[in-house]
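Note that the structure is predicted; figures quoted are calculated from it, not measured. Proteins get letters first, then strands, A, B, ... in listed order; numbering begins at 1 in each.
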Amino acid sequence: MTLPDILCALVWAVVAIAMIGRRGSAAGLAAAVVIAWMLPELLPVAVLWHRAVIAHALLAAPRWWPRTWTARMVLVIQYAAAAWIAPWLHPLGAAALSLLLVAGCVVEQRTQASRAGITAAVAAAVAFAAPLIIAPAGASAEMTSWLYAGALAAAAVAWAFDMRARPSAEALDTLIELDVDAVPLASRDDMRRAAQLRAAHRVLREEVDGGVRELTDSRARLADAAMRAGADVRERIEREVQEPLRVLAGRTIATTDGARERERAAREQLGLARQDIDALIRGLAPPGIDRGLAPALADLARASPVAVTVDAETGRLDDRIARAAYFVCAEALANVQKHSGAERASIRARIDEGMLEVAVSDDGHGGADVHTGTGLASMRDRVESSGGVFDVETGDEGTTIRAAFPVAMDAAKVEEASDEPPEPTAHRPAVTLMTLAAFAVAGAVAAWWMLAASPTRTTASLGAALAAVAFAAVAVASSPLGIPGRFRVGTAAAVLSLSATAVVAVSVPGVPWPVRLIAAATLGLASGGILHLALAIAASGRYPRSERFAVPVLATIYGAGAAFAAAWLSVTEPARDRLCRLPCAVWNIPPFESRTASDAFAVALTALAMLAAALTIAVVVRAFRREQAGIRAALVLTALAPVLRGVAGMLPDPHPLVGARADSLLGAVLWVSLVVLAATLLVEAVRGIRRTAVARRVIEDLAHDPSPGSLARSLSKALRDPDLRIDYWLPNAGTWVDGYGAAAPQRPDEPVAIVTRHGAPLARMRGEAVLPSAELEARLGAAARLVLDNERHLAERLAQREELVRSRQRILQASDAARRRTERDLHDGAQQRLLVASAHLRQAIAAEAPDATALDEDLAALLDIIERLRTISRGIYPPVLADAGLVPTLESLARTASIPLAVSAQAIPRLDPPLEHTVYLLVRDAAAFARTGDRIAVALRKRNEHLTVDVTGADGYREGAVDDRLEALGAVRTDLPDGVRWEIPCA
Amino acid sequence: MPLTLTRLVIVDDNDGFRRASAALFNGDGFTVVGTAATGEQALEVTRTENPEAVLLDIRLPDVSGFDIARQLRDAASPPQVILVSSLSRDDVEGRLDGLDVLGFIPKSALTPEAVRALLREPR
């Protein structure tokens with residue numbers, strides 16, 4: 001191995017270490033490159049294997065196997081060439097292979113759009129191709145070797161940058177750090193950001209909640225208006241039509257035979273018309289509901305052709321709720337009659353614990369589905385708009401429809417229990433940890449100074465000095481990281497760094513006795529330090545642990561270690577007199593050979609090291625399974641160190657404090673493993689700092705852009721993973737929705753992790769960077785769940801908002817359809833009968849002439865009733881609107897209006913009936929509320945799927961009941977200088 | 001009393017109203033030569049019976065009375081068309097523009113006298 005080879009191997013090794021802990025294959029592939037690079041030392045035939053492995057790393061990472069078929073082909077050819085062909089291949093063939101590699105890499109990388117990746121591919125290709133060009137050109141072997149290894153090292157660096165730019169497991173890590181209580185919010189800026197985030201979220205939440213409340217109210221008003229309109233019409237028809245008809249129908253006046261027959265026919269038609277109207281208005285509003293729900297339900301059951309039993313005890317109810325409950329029962333019975341094929345049905349209504357529960361069951365063939373048809377959906381709308389809940393239970397035998405309404409409280413304002421995250425608490429900078437880290441750094445500097453001054457250097461002193469520096473760096477890097485729990489990696493690293501410094505101090509001759517004594521005591525902390533480190537690494541996983549026992553045990557090991565080490569040094573190197581064993585005399589211990597005392601303390605130290613090793617292994621084994629790869633590597637190394645120390649302690653003639661004989665292989669392995677452990681921890685710490693920075697950016701982003709779905713958006717931006725999605729679970733709807741409340745279907749074979757809260761699904765993360773559910777579950781903090789919960793709440797409310805908007809439209813559609821039907825039924829039925837009656841009466845009058853005064857009076861009365869019914873009928877739904885559309889209706893309105901009303905319309909086609917009706921009502925109300933002297937102008941324009949309605953000059957009219965209808969249709973209002981403009985979406 | 005009876009066709013989808021109005025008009029200066037319940041029947045009866053006047057309901061089940069009125073105008077010898085409806089005059093008036101019909105009578109005011117008055121009116 002030449003120097004360039006070693007350097008290149010080192011660069012790849014560093015890249016491999018840096019990739020530890022990242023998801024995917026990067027670390028493994030880099031390690032494979034190192035092994036393949038070293039392999040020819042053992043196996044000369046494997047001389048070209050490293051090329052195939054490097055190609056593999058470039059093409060596949062961060063996966064184990066490339067995604068595209070072209071890349072897979074290139075890879076197979078590279079391996080085949082390395083295995084069989086290359087050693088005997090003509091230089092031109094090798095060049096062709098290199099070109100193939102470059103082409104493959106460029107194609108592969110272009111699909112992933114990474115400039116660093118392409119750079120790595122080009123560097124590798126230059127390395128593979130260059131020797132073929134420059135060696136024949138007369139370059140020296142040494143120069144060729146430098147160029148080759150240098151280009152491959154450059155490829156390693158470029159490749160590492162490429163890997164850094166790829167999405168990684170950091171989505172989850174960032175989410176954990178998003179836990180605003182756990183991120184060390186040391187500075188005032190951080191506190192401000194966190195407060196901003198909370199405030200922004202609260203504002204957004206209130207805004208969305210307010211929108212939902214407004215929609216709920218508006219829907220209730222619409223449903224109410226529909227119901228009230230029905231009741232009004234019923235009342236008016238009863239007073240103005242039915243009552244006078246009753247009088248007219250029951251009379252006989254004519255005297256001549258011919259007239260009498262005509263009159264009888266007329267009166268018969270009047271009776272039939274009354275019956276028609278009766279049947280019709282029963283559907284408009286519950287008859288007799290003023291007497292209570294129970295009697296009204298009994299009437300309903302009697303009128304049904306199916307046998308219905310009623311069991312109702314409700315007492316006095318809020319009018320709105322009684323009407324809604326009646327509506328559900330009437331609709332349900334109508335369904336039973338029309339669709340179920342049932343012979344029997346039952347109605348049950350009871351008040352229980354502040355809820356009115358209504359159930360309608362039948363013994364029919366079932367199969368009711370709330371998603372098909374409008375009947376059940378409009379029942380649910382009606383129930384929910386009264387603050388109730390609706391449920392359909394259906395099977396092969398019978399259907400039960402249930403509705404429950406709150407009767408004890410105000411239904412419209414059921415307050416949502418809010419699950420507000422706790423206020424952030426200030427995190428003080430970890431002063432103790434920083435002081436310790438400063439000591440560690442000072443110690444490491446001192447260790448190197450002592451080493452430089454010392455005439456002899458041993459493996460132990462060199463390794464210890466390296467370890468002191470490495471652990472001091474870990475302590476410094478970890479000190480700003482706020483990992484909850486009592487054990488911190490930074491503290492343990494500082495202790496280990498100081499212990500390593502102490503090793504240098506005791507192994508270098510010529511250090512004054514007091515310093516040696518302090519050094520020995522410090523050195524004795526090493527066993528405890530390792531255990532401490534294991535506990536801290538395990539604690540970062542945040543699962544329950546028995547800290548209660550760990551703290552006293554660790555304290556004991558620290559104390560005993562320091563004491564034994566100091567004692568050993570005292571007996572082997574007494575301060576006062578080499579011959580007098582004074583400490584023994586002072587403590588009145590029977591004198592014994594110094595050698596025995598020294599051995600006893602050495603054995604005690606080794607035993608302590610073994611105990612610490614056993615505990616460390618126990619901690620490591622418990623934590624190992626749940627950890628990420630990087631942490632696992634650190635845990636293994638943490639367990640390895642005390643084992644090595646213990647084994648070394650049992651070897652003949654070891655140095656009791658340092659553990660291994662200075663120049664033994666075991667000692668070297670011990671120190672190398674400690675240095676690698678420190679390096680791993682350093683990488684983890686640096687990664688943690690970067691994560692915190694990302695988290696801070698995300699928090700700031702969220703605070704500045706508090707809108708639905710912002711968590712997923714800013715995470716995706718911060719992690720450079722455009723595919724990252726966060727969906728939320730809506731338990732009531734049983735569906736996943738995105739941050740905006742829209743349905744979020746999962747793509748097949750997409751990595752998904754589920755986050756739960758209180759055992760129920762809360763959120764779902766999708767994307768390349770997502771960890772498996774179990775790992776996510778283990779690592780996600782409570783506060784991070786709250787952040788997600790907040791977003792889920794928003795998503796739920798947004799979904800609810802969507803549903804309310806739809807429900808409002810359905811209510812409008814249903815009530816308008818009912819009005820159109822009623823108008824048509826009145827026109828086709830009762831009105832025609834009355835007109836027929838009037839024709840008969842006219843004939844009777846002709847037959848009775850000239851003595852027909854009484855019949856003339858009746859005819860006049862009948863014509864008056866016909867006119868009234870026509871007026872009422874037009875109020876229910878203008879017939880011209882149904883027949884001819886909006887513009888003729890408005891023109892008709894303009895002719896009859898009491899004030900000047902100008903209508904201008906440009907080629908308005910027939911529109912959706914609710915839309916036509918709503919615009920008609922808008923203009924009608926504007927005219928009805930106009931003040932004397934107003935001149936109203938209405939302009940209609942249809943453009944780009946929008947109908948624009950300008951109503952100007954109606955000073956008396958600003959807002960009205962029709963606004964709810966307009967909003968239900970998605971209309972947007974703009975104020976004009978002398979009126980309003982509504983823009984209504986229409987197909 | 002006119003010497004000849006005016007030949008009349010009544011178009012209305014309501015059976016009762018058709019019968020009652022036929023009874024009302026027959027003999028009283030008119031002879032009802034045919035009735036129809038739909039627009040299609042109306043065109044057929046008018047073609048075969050060739051009436052002098054047609055009482056045409058506006059709200060028919062298949063087509064609007066306005067459309068039938070337009071088609072009747074194109075007949076070989078177009079009859080006088082009088083639109084009839086249970087709607088009020090205000091609802092209908094605006095839609096009569098450009099239609100070659102004699103006039104409109106609300107059903108509640110439909111009498112032989114009212115029809116005669118319209119037929120007598122100079123056009």
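Remark: A:Glu261 CD is loosely packed, at most 12 non-hydrogen atoms of other residues, nucleotides or ligands lying under 6.0 Å away.
No donor-acceptor pair closer than 3.5 Å links the side chain of B:Arg95 to the backbone N or O of A:Pro888.
With a threshold of 4.5 angstrom between heavy atoms, A:Ala884 approaches chain B through its backbone and through its side chain. Within the 4.5 angstrom heavy-atom criterion, no atom of A:Arg833 approaches chain B. Contact annotation for B:Ser64: neither backbone nor side-chain heavy atoms come within less than 4.5 Å of a heavy atom of chain A. Of the two parts of B:Leu110, only the backbone, made up of N, CA, C and O, holds a non-hydrogen atom closer than 4.5 Å to a non-hydrogen atom of chain A.
Between chain A and the residues B:Asp90, B:Asp12, B:Asp91, B:Asn14, the largest count of heavy-atom pairs under 4.5 Å involves B:Asp91. When A:Val836, A:Leu862, A:Leu859, A:Leu834 are compared by the number of non-hydrogen pairs under 4.5 Å with chain B, A:Val836 comes out ahead. For chain B, the option among A:Gln831, A:His840, A:Arg842, A:Glu867 with the highest count of heavy-atom pairs below 4.5 Å is A:Arg842. Listed options A:Pro879, A:Ser838, A:Pro878 were ranked by heavy-atom pairs under 4.5 angstrom with chain B; first place goes to A:Pro879. Comparing B:Lys107, B:Arg59, B:Arg19, B:Arg18 by how many heavy-atom pairs each has under 4.5 Å with chain A, the most go to B:Arg59.
Every residue two or more places apart in sequence or in another chain was checked for a ring pair (Phe, Tyr, Trp, His ring centres under 6.0 Å) with B:Phe17, and none qualifies. Residues passing the side chain to side chain donor-acceptor pair (under 3.5 Å) test with B:Thr46, sequence neighbours excluded: none.
The shortest non-hydrogen separation linking A:Ala839 to B:Ser21 is CB-N, 4.5 Å. Considering every non-hydrogen atom in both A:Arg870 and B:Pro106, the closest pair reads NH1-CB, 4.2 Å. Here the shortest heavy-atom pairing between A:Ile866 and B:Ser108 reads CG2-CB, 4.2 Å.
The contact list for residues 822-829 of chain A toward chain B, using heavy atoms and a distance under 4.5 Å, reads A:Glu823, A:Arg824, A:His827, A:Asp828 by residue number. Among residues 890-903 of chain A, the residues having any heavy atom closer than 4.5 Å to a heavy atom of chain B are, in sequence order, A:Ser892, A:Arg895, A:Thr896.
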